[in-house]
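To find a chain, count down the sequence lines: A is the first, B the second, and so on, and within it residues start at 1.
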Amino acid sequence: MLSKIWSDHVVAQEPESPAVLYIDLHLIHEVTSPQAFTGLREAGRQVRRPDKTFATMDHSTPTLALDLNLVDKMAAAQVRQLRKNCAEFGVTLYDLDSDRRGIVHIIGAELGLTQPGMMIVCGDSHTSTHGAFGALAFGIGTSEVKHVLATQCLLQTKPNSFEVRVDGRMGPGVTAKDIILAVMAKVGVDGGIGYVFEYTGPAIRALDMEQRMTVCNMSIEAGARAGMIAPDDTTFEYLAGREYAPSGQAWETALRNWRQVATDEGAIYDRTVSLDTGELEPMITYGTNPSMGMPISDRIPTLNEFSDVNKRQSVEKALKYMDLEPGQRLLGHEIDVVFIGSCTNSRITDLRLAADLLDGRKVADGLRMLVVPGSQSVKRQAEAEGLHEIFLNAGAEWREAGCSMCLAMNGDELEAGQYGVSTSNRNYEGRQGKGGRSFLASPLTATASAIMGEITDPRTML
Amino acid sequence: MAMRDVDTDQIVPARFLKVIDKEGLGEHLFEDWRILPDGSPNSEFVLNRPEVQGAQILLAGSNFGCGSSREHAPWALMDWGVRAVISTSFADIFRNNAIKNGLLPVTVEAETHGELFGMVDRDPHAEVTIDLVSQTLSFGNEHAVGFPMDPFARLSLLEGVDQLGYLLSMEEKISAYEANHDGS
Ligand code: SF4
């Protein structure tokens, strides 16, 4: 699949040079684009294909109410700059007041912009999310954003392929998030460097599109350029009828092409790792990168379990930051905040999981629970189903869409020393607020922990 | 800086990404490690040591620059004065971003990496010379090792070949590709 999509997009390939690749879809947000537009403006260039470029604002936007006065001056200036750039260069923008605005990786799929076989880029590492549709999608830097704006092309060297095979049947209380956290723990935070993951196997095929996005989303956390899942009927059903999905005769043609994208049986990969979900427990991280994770009933590894001295030192440093002991259990560890959100886990099915568990229960005294839908459309859907009432009645906060506490740029953040269980993708030092300490987990584990006020195995509450 | 997996959130914390230009980010380089919670400089953090001020080469642990795609990371390193980073491995996006900004990522074998750390431990003022033309790194007593660099990146760095210029020169091919594919 990787080779096929790659070769379909090579515009030119000179010896000793990276390939010139054509980009079908370029997504933009406020944080990594301003300097790229400035570069275009200074050189007097245009956006080559504004029709293939879509922008939204999500990272630094407020979630309490959609009012720029709620964020600091610099964030507001960044949002205004994106408005100005999109207007000047003719790029479609889902602005703060748009009913289609949301986290860039959530709305791409939701609007049907993301389609199988496409080459998709965005100045954001979690662009890997879109690979769930059988697209090759990866994050780029701001210089590259400028290149794509100007030429619709990008210079890239071809990555190698890495099969992540997932077998077995997941037990109750186990979700796609647990699969990817288990993969992370197995592959390591740098095991994917130079590769594109392709997730295969019956356990992956059994996932719905939203769960597949959760899996592909975190491919970058292992250092992989992208993560992909071959498209199938689940993919096509999800896409049918979406705003930018083809319709009528074009839909039939597209379907034929999309079926061609799927991997042929017996494809050869440069590396393979496999995982059986039959034994899989809900997972939780204990450290300061997403590969420092374990089954929730386990103990934190002791330091002598790491033969690699560098790894041992980094776990030691992580545990010091987290104020945790090697060998300690996490079940029952007190927490201050629960965050349900981010491009990993803020789609409607994630919110339904959380709401079902929370229905008729309350968030523990003194605990702050923040529920931030991934897009305004997810928000509307959740409200139509009455999920927001379950959250509010239980004592959780119900917010406007955005990245929010995933990267704590907009004022939603952990305070120094606080412990949070988060459904997002990064537990780096200070990622969710300076001095804050994050445990990454699924929406089910996060919700169960919110109810008990301590890290809790959701299987005990189902 | 020996620790591995240094992520871009440490290189420049997200709250400093609200800029719309590239200037002055060096001030926030590793801010949460450089500055203690009470606002005073953390004297234990390597970048705060007097002997490293003015250094142009950062010796880093493996998987340097993992995490977000923020080009603010190489911008901040460059702004602080770093011209090259030596490690055993780099995160892909960081490496691409670095090269585009003239920041040289030098990948060395674990053994060389260990020797370099040993040398710097013994003598914080030790000098390392990186020669991109011959792709060698020399230190200590005439000790020189080669390092890999893809030919295109090397040329971009050496001759300042502008990658955008290269892409723009492909205009005919891009138009031909579009003519073949659009509407499909
Ligand atoms: S939700 Fe988090 S990871 Fe996703 S795009 Fe926003 S900041 Fe990045």
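- Here the closest heavy-atom approach between residue A/P18 and residue B/F152 is recorded as CD-CG, 3.2 Å.
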Exercise for the section: List the steps and the verdict of side chain to side chain contact (heavy atoms under 4.5 Å, CB included) for B/D21 and A/T38. Expected result: CA-CA 8 Å; B/D21 53 25; A/T38 303; over 6 Å; no
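- Panel note: side chain A/R225, backbone B/D92; no donor-acceptor pair is recorded below 3.5 Å.
- No part of B/S156 comes within reach of chain A, as not one of its non-hydrogen atoms sits under 4.5 angstrom from that chain.
- Residues A/E16 and B/L155 form no side-chain contact, since every pair of their non-hydrogen atoms from C-beta on lies 4.5 Å or further apart.
- Contacts with chain A were tallied for B/L17, B/D7, B/D5; B/D7 has the most, counting heavy-atom pairs under 4.5 Å.
- Here the side chains of A/S143 and B/N101 are in contact, with some heavy-atom distance below 4.5 Å.
- Within the 4.5 Å cutoff, side-chain heavy atoms of B/L164 are placed close to those of A/K146.
- Between the side chain of B/E71 and the backbone N or O of A/T142 there is at least one donor-acceptor pair closer than 3.5 Å.
- A salt bridge does not link A/E413 to B/R15: none of the charged side-chain nitrogens sits closer than 4.0 Å to a carboxylate oxygen.
- Looking at B/Y166 and A/E14, their side chains do bring a donor and an acceptor atom within 3.5 Å of each other.
- Neither the backbone nor the side chain of A/E221 comes within less than 4.5 Å of any heavy atom in chain B.
- Of the residues considered (B/A14, B/P13, B/G67, B/A176), B/G67 shows the highest number of contacts with chain A, using heavy-atom pairs under 4.5 Å.
- Within the 4.5 angstrom heavy-atom criterion, only side-chain atoms of A/S314, from C-beta onward, approach chain B.
- Listed here is the closest heavy atom pair of A/D8 and B/H181: O-NE2, 3.9 Å.
- At a threshold of 4.5 Å between non-hydrogen side-chain atoms, the residues A/V189 and B/R4 count as touching.
- Of all non-hydrogen atoms in A/M74 and B/V19, the two that sit nearest each other are CE-CG1, 3.7 Å.
- The minimum heavy-atom distance linking A/S125 with B/S69 is given by the pair N-OG, 3.6 Å.
- Chain A forms the most heavy-atom pairs under 4.5 Å with one residue out of B/M3, B/E171, B/H72, and that residue is B/E171.
- The two residues A/R431 and B/D9 have their closest heavy-atom pair at NH1-OD1, 3.0 Å.
- For a residue to count as touching a neighbouring chain, one of its non-hydrogen atoms must lie under 4.5 Å from one of that chain's; by this rule A/I193 touches chain B with backbone and side chain alike.
- Residues B/E178 and A/R48 have side chains in contact (heavy-atom distance under 4.5 Å, counting atoms from C-beta outward).
- In terms of heavy atoms, A/T151 sits closest to B/L168 at CG2-CD2, 3.7 Å.
- When each of B/D150, B/N97, B/T8 is checked for heavy-atom pairs under 4.5 Å with chain A, B/N97 comes out on top.
- With A/E429 contributing its side chain and B/Q10 its backbone, the two residues share no donor-acceptor pair below 3.5 Å.
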